[in-house]
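Each remark here refers to the structure printed beneath this line.
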Amino acid sequence: MRIREIFTLEPKKQILAVEGWVRTKRDTKNVCFFELNDGSCLKNFQIVVDKDKTPHLAPELTKIATGASVRAEGELAASPGSGQNSELQAHSLTVLGESPADSYPLQKKRHSFEFLREIAHLRPRTNTFGAVARVRSALAFAIHRFFQENGFLYIHTPIITASDAEGAGEMFQVTTLPLENIPRKDGKIDYEKDFFGKQARLTVSGQLEGETYAAALGKIYTFGPTFRAENSNTTRHLSEFWMVEPEMAFCDIDANMDTAEEFLKYILSYILRRCGEDMDFFNLRIQPGIIDNLKRVIETPFRRITYTEAVEVLQKAPTAFEFPVSWGIDLQSEHEKYLTENVYGGPVIVTGYPRQIKAFYMKLNADEKTVRAMDVLVPRLGEIIGGSQREDRLDILEKRLTDMGLKKEDYWWYLDLRRYGTVPHSGFGLGFDRIVQYVTGMANIRDVIPYPRTAGSAEF
Ligand code: 4AD
Ligand code: MG
């Protein structure tokens, strides 16, 4: 039986078996206690071995050590000790795999997150990383549930792609060309000889392909890995991260903001309801007050401001920013933090960014200076969602592509959507790893994904 289930049982006399990994062991003359964790919940389950009553278990008991895998069978009993209501009085014990104390790196003591990153294959056996993994899984489920309940179709967009969805050129290349002897034609790399017959790269976003399905099926979402070769070594950037991207036809920027807000509140409520034990842990150990904080976010309407208003607020700020503020600059993390933490005390949706700092596909406003972008900013992290109403006018979209130095031929199929039955449509992208960070309070994004990939690091 899984430990999570055992803790729901009345500690009435019954026989059961449990399997897990030893977290701690305490030996006295007559009794041996050890705690098992099987990953089903945060709490460990205590196994008690009465040495006098079960002398035949002595050989196995010597093999019990932190990290060992064990199967124990016995009788469930009320626990006299504090902290748990039941324990197992073992009458049979098998150590499936020993764990030598002199080499097992996860002895019972506090390890730094930096150290645990070096043993990322073992860190899920710690309280923190077990809790992160459970919350991450529950968040993924909540996301699917929200969209499935609201009529969105889940679309699988390609990971290998020939188009740059953000037009920012921060892409990893996929090739089977021999790197030591690259074929060339007229001085340029001959991609016709490459595996796909053209240059192929890892996707930065499923949005453009997502739009094609929204332009047929109405409401869709993608949820998959995305890749960015940007060399930003921060606590909120990964080179490989997961993104959730809904796309809605017949939807303008206001409905887009409403959806983003409703969606975030839905998944936060789901986690508070379903991950109580793990959230209590984060509340106590990682980010004190986070539960009340998330509750407040769920209850309070998100503040909505324009970029121009944001700039005015920032210019009046009594603090000096590292990056000076003027109309036209991209908001930096320090600005996003100031707005969410110092000014509005909660999430803020900023709209109407200057066209120069946003992607080619965003709908140009009548002022021709700003686009219908929307970024959802949150305290502690800054941008968690980036989205927009899309440019649905063919001529303007073509001009935007050219202005930004992109070739319209490369986007022929994307432009077709504006040629045939174009509609107002909108969508956004939620950084999945960032929402895990936001919900758990973990300070570094490298600690919310099992195997982080960042510049200079792809171990495991
Ligand atoms: O703002 P971004 O770049 O928007 C897009 O990719 C659009 N195609 C989304 C859309 O409209 N469908 O990225 C969206 C979100 C960001 O707000 C951030 O949360 C996350 O993805 N993100 C990253 N997360 C981790 N590491 C990185 N390097 C990230 N870059 C973006
Ligand atoms: Mg963005």
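In what follows, residues are counted from 1 in the order of the sequence shown. Everything numeric in this text was worked out from a predicted model, so none of it was measured. Order of listing sets the numbers, starting from 1, for every ligand and every atom in it.
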Is it true that [X] lies under 4.0 Å from ligand 1, counting heavy atoms only?
X    : answer
D433 : no
Y361 : yes
R236 : yes
Q437 : no

Nearest non-hydrogen protein atom, atom 19 (O) of ligand 1: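 Atom 19 (O) of ligand 1 sits closest to the protein heavy atom I384 O, 2.8 Å.
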N, O or S atom of E383 closer to the Mg ion (ligand 2) than 2.8 Å: yes
Under-4.0 Å heavy-atom contact with ligand 1, by part of F241 that carries it: side chain
Any N or O on [X] sitting closer than 3.5 Å to an N or O of ligand 1?
X    : answer
E166 : yes
Q207 : yes
L430 : no

Ring centroid separation F263 to F147 under 6.0 Å: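 Yes, the ring of F263 comes within the 6.0 Å limit of the ring of F147, centre to centre.
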Criterion side chain to side chain donor-acceptor pair (under 3.5 Å) against Y414, the qualifying member of K408, R390, E211: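 Checked K408, R390, E211 against Y414; only one passes side chain to side chain donor-acceptor pair (under 3.5 Å): E211.
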Distance, nearest 0.5 Å, that separates OG1 of T175 from OH of Y191: 6.5 Å
Greater than 12 external heavy atoms within 6.0 Å of E368's CD: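 No, the 6.0 Å shell around CD holds no more than 12 heavy atoms from other groups.
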Under-4.0 Å salt bridge between R136 and D433: yes
